[in-house]
Amino acid sequence: MSRPAPNDPRRSRLMAQVRQKDTAAERRVALILRGLGIFYRKNVRSLPGSPDLANKHKRWAIFVQGCFWHHHRGCRRATVPKTNQAFWVEKFGVNRRRDAHAVRALRRDGYRVAFVWECELDRPEALAKRLSEILETRCIDVC
Ligand SMILES: [Zn+2]
């Protein structure tokens with residue numbers, strides 16, 4: 001994804017896509033869950049932060065995060081554009097605080113919460129293993 005300068009008219013459109021729904025990454029994670037036999041709903045707006053994938057009955061929620069937009073710590077994709085750095089640092093901070101707020105609210109309600117980072121999709125088998133460990137239960141009753 002290109003990263004236009006703040007005065008670029010494309011920027012506001014890109015900003016609107018930060019929480020864009022049904023991205024390719026989300027679809028890939030959904031496929032992994034299906035492969036594990038794990039039942040989910042997409043874009044659950046009734047839960048804090050509108051998790052990308054969630055199961056209220058099993059009480060878990062997954063956020064599929066773009067490494068750039070959500071500033072994945074230690075990830076090579078989490079760069080800060082050279083132009084207008086203050087703007088970007090602030091933007092990443094807002095995104096991260098919003099994420100943290102949603103996670104706290106969900107955990108208070110007894111949810112297991114997982115972040116799936118875009119870069120993890122480079123190793124789908126490892127991701128599938130991690131998700132199956134986090135989500136634990138195989139779907140047997142609600143699928
Ligand atoms: Zn990453």
* Answer yes or no: is there an ion pair linking E125 with K129, defined by an N-O contact shorter than 4.0 Å? => no
* To do: Output yes when a side-chain donor or acceptor of R112 lies under 3.5 Å from a complementary backbone atom of K58, and no otherwise.
  => yes
* If the plane angle is over 60° it's perpendicular, under 30° parallel, otherwise tilted; pick one for W69 and W88. => tilted
* Asked: Just one of I38, L53, L121 clears the side chain to side chain contact (heavy atoms under 4.5 Å, CB included) bar with I32, so which one?
  -> L121
* Taking all non-hydrogen atoms of both residues into account, name the closest pair between A102 and G49 and its distance. => CB-CA, 3.7 Å
* Once you round to the nearest 0.5 Å, how far does CD of Q65 lie from SG of C75? -> 12.0 Å
* To do: Return the set of residues passing side chain to side chain contact (heavy atoms under 4.5 Å, CB included) with A100 (not counting sequence neighbours), or none when no residue passes.
  => R104
* Structure fact -> Nearest heavy-atom contact between A30 and K42 is CB-CE, 4.1 Å
* To do: Give a yes or no on whether F87 and F68 share a hydrophobic cluster (residues Ile, Leu, Val, Met, Phe, Trp, Tyr; joining criterion: side-chain heavy atoms under 4.5 Å apart).
  => yes
* Shortest non-hydrogen contact from E118 to C67? -> OE1-N, 3.0 Å
* **Any donor-acceptor N/O pair, D52 side chain to E26 backbone, under 3.5 Å** => no
* Grab the two heavy atoms, one from F115 and one from V103, that are nearest each other, plus how far apart they are. => CZ-CG2, 3.4 Å
* Contacts of R130 that satisfy side chain to side chain contact (heavy atoms under 4.5 Å, CB included) - sequence neighbours left out -> V116, E120, L127, I134
* To do: Name all residues meeting the salt bridge (Lys or Arg N to Asp or Glu O under 4.0 Å) criterion together with K56; count only those two or more places apart in sequence or in a different chain, and write none if there are none.
  => none
* Asked: Which residues satisfy the side chain to side chain donor-acceptor pair (under 3.5 Å) test with R34, sequence neighbours excluded?
  -> Y40
* Taking the side chain as every heavy atom from C-beta outward, state whether N95 and K91 have any atom pair closer than 4.5 Å. => yes
* **Contacts of type side chain to side chain contact (heavy atoms under 4.5 Å, CB included), residue R59, not counting sequence neighbours** => D109, Y111
* Asked: Taking the side chain as C-beta and beyond, is there a heavy-atom pair between L135 and N55 under 4.5 Å?
  -> no
* Measure across L106 and P48 and return the closest heavy-atom pair with its distance rounded to 0.1 Å. => CD2-CD, 3.6 Å
* On the 0 to 90° scale, with breaks at 30° and 60°, tag the H71-F92 ring pair as parallel, tilted or perpendicular. => parallel
* Return the minimal non-hydrogen interatomic distance between H72 and A78, and the atom names on each side. => O-CB, 3.1 Å
* Is the count of non-hydrogen atoms from other residues, nucleotides or ligands lying under 6.0 Å from R28 atom CZ greater than 12? -> no
* Mind checking side chain to side chain contact (heavy atoms under 4.5 Å, CB included) for R97 and listing every partner two or more places apart, or none if nothing turns up? => E90, V94
